[in-house]
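Written out below as structure tokens is the structure these notes cover.
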Amino acid sequence: MRGANDIAVTVRERAARELRDRILTGALPAGSRLDLDAITEEFATSRTPVREALLELSFEGLVRVAPRSGITVIGVSSRDVLDSFTILGVLTGQAAAWAAERVTGEELGRLRELAADVASRSGDDSIGEANWLFHQDIHRAAHSPRLLAQIRQAARVVPTNFLTLFPDHEKQSLNEHEELLDALADGSAKRARSIAERHVLDAGRSLVDWLEQRGDGVAAPTAEI
């Protein structure tokens with residue numbers, strides 16, 4: 001049974017993830033003011049986990065929390081997004097390279113099952129979660145806890161609804177999954193690294209292009225939450 005602390009952590013993570021997604025996709029543009037009470041009501045929780053979620057986002061440079069002026073969205077520029085995806089691409093490329101050298105037969109079999117599950121969810125909102133599970137298992141197949149921790153931190157720049165947000169990117173993404181699996185099966189570290197890096201960088205460019213079309217890397221202002 002979950003304790004109160006576990007539930008609070010879950011609410012904090014959910015609030016941080018949702019607000020981060022809104023900022024990264026421009027739904028909450030730079031300059032937006034966030035209402036702590038409104039967020040607390042939206043997530044049906046107390047103020048404490050919401051405050052902790054906002055502090056987490058402030059450490060990531062996405063919002064500014066000031067005692068008197070309240071909470072303001074700093075937002076992200078196109079360069080911020082591309083830099084972040086480039087960093088993530090390097091890390092995931094290394095994970096794929098090591099996975100090609102270290103993956104077990106059992107792990108490879110599970111990866112094929114997960115890739116098939118992602119493909120089966122084409123056009124469905126649940127594809128994002130399935131996609132993340134697939135990539136997470138590739139990262140684990142690198143057998144490097146230190147690298148895995150770095151990737152988890154860096155991967156926060158990817159909106160959880162990425163494939164839903166960019167359905168045109170879906171087919172390319174699914175094809176690259178198969179290419180990556182083939183590289184892992186062949187033990188080709190160089191090819192696995194190249195595919196994984198390209199996979200992430202192309203995603204970053206898609207997000208940048210979309211944000212720039214909406215207005216210089218930041219979406220048009222929306223109502224406060």
Side-chain angles (χ1 to χ4, degrees), residues 1-2 6 9-10 13-14 16-18 20-21 24-25 81-82 84-207:
M1 181 179 294
R2 284 185 173 180
D6 293 331
V9 168
T10 301
E13 291 175 345
R14 183 166 63 91
R17 182 175 62 248
E18 176 62 29
R20 184 186 296 112
D21 279 358
L24 292 172
T25 59
V81 173
L82 196 53
S84 296
F85 272 80
T86 299
I87 293 167
L88 178 60
V90 171
L91 293 172
T92 57
Q94 183 60 61
W98 278 344
E101 297 171 347
R102 303 171 181 176
V103 68
T104 67
E106 182 179 350
E107 288 171 333
L108 190 58
R110 173 167 167 75
L111 284 170
R112 292 198 182 281
E113 291 175 0
L114 289 171
D117 184 49
V118 176
S120 72
R121 296 172 188 270
S122 177
D124 191 273
D125 288 346
S126 65
I127 193 173
E129 180 66 22
N131 184 62
W132 170 240
L133 290 175
F134 169 70
H135 285 286
Q136 193 174 44
D137 264 36
I138 290 179
H139 304 155
R140 288 198 184 104
H143 296 278
S144 173
R146 186 177 295 274
L147 179 59
L148 183 60
Q150 294 293 323
I151 290 174
R152 282 175 175 162
Q153 179 69 26
R156 293 180 177 185
V157 301
V158 183
T160 56
N161 62 339
F162 182 85
L163 288 180
T164 304
L165 193 64
F166 303 103
D168 292 343
H169 193 80
E170 185 182 292
K171 186 176 186 301
Q172 175 187 343
S173 184
L174 295 177
N175 288 339
E176 288 174 346
H177 287 177
E178 293 303 317
E179 291 176 15
L180 185 51
L181 286 172
D182 289 343
L184 296 181
D186 292 342
S188 176
K190 183 178 179 180
R191 188 151 52 96
R193 182 196 301 276
S194 176
I195 295 167
E197 285 190 7
R198 185 179 73 241
H199 189 74
V200 173
L201 285 174
D202 285 349
R205 292 189 186 103
S206 293
L207 180 55

[atom1]-[atom2] distance between [X] and [Y], expressed to the nearest 0.5 angstrom:
X    : Y    : atom1 : atom2 : result
I195 : R193 : CD1   : CZ    : 12.5 Å
E113 : L108 : CD    : CG    : 10.5 Å
R152 : L147 : CZ    : CG    : 11.0 Å
R156 : R20  : CZ    : CZ    : 5.0 Å
R140 : L148 : CZ    : CG    : 6.5 Å
L181 : L114 : CG    : CG    : 9.5 Å

Over all heavy atoms of both residues, which pair between [X] and [Y] is shortest? Give the atoms and the distance, please.
X    : Y    : answer
A189 : E101 : CB-OE2, 3.7 Å
L180 : A192 : CD1-O, 3.6 Å
E197 : G89  : CG-O, 3.1 Å
E170 : G123 : OE1-N, 3.3 Å
A130 : D117 : CB-OD2, 3.7 Å
V158 : L24  : N-CD1, 4.4 Å

Handout entry: Residues which pass ring pair (Phe, Tyr, Trp, His ring centres under 6.0 Å) with H177, listed by chain and number, not counting sequence neighbours
Key =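 Partners of H177 under the ring pair (Phe, Tyr, Trp, His ring centres under 6.0 Å) test: F134, H135, H199.
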Exercise for the section: Please name all residues satisfying side-chain contact (heavy atoms from CB on, under 4.5 Å) with N175, sequence neighbours left out, ordered by chain then number. Expected result: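 Expected list: K171.
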Practice task
Would you check, one step at a time, whether the test side-chain contact (heavy atoms from CB on, under 4.5 Å) holds for E179 with R198?
Solution key: CA-CA 12 Å; E179 291 176 15; R198 185 179 73 241; 3.0 Å; yes
Problem - Test: R17 and D21 ion pair at under 4.0 Å - result: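 Salt bridge absent between R17 and D21.
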Exercise for the section: Evaluate the criterion side-chain contact (heavy atoms from CB on, under 4.5 Å) for residue pair V81 and V157; output intermediate values, then yes/no. Expected result: CA-CA 7 Å; V81 173; V157 301; over 6 Å; no
Practice task
Check for a donor-acceptor pair, side chain of S194 on one end and backbone N or O of R191 on the other, with a separation under 3.5 Å.
Solution key: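 Not confirmed, S194 side chain does not pair with R191 backbone.
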Exercise for the section: Kindly check if the number of other-residue, nucleotide or ligand heavy atoms within 6.0 Å of CZ (R102) is above 12? Expected result: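 Result for CZ/R102: enclosed.
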Practice task
List the steps, then state whether side-chain contact (heavy atoms from CB on, under 4.5 Å) holds for E107 with D137.
Solution key: CA-CA 8 Å; E107 288 171 333; D137 264 36; over 6 Å; no
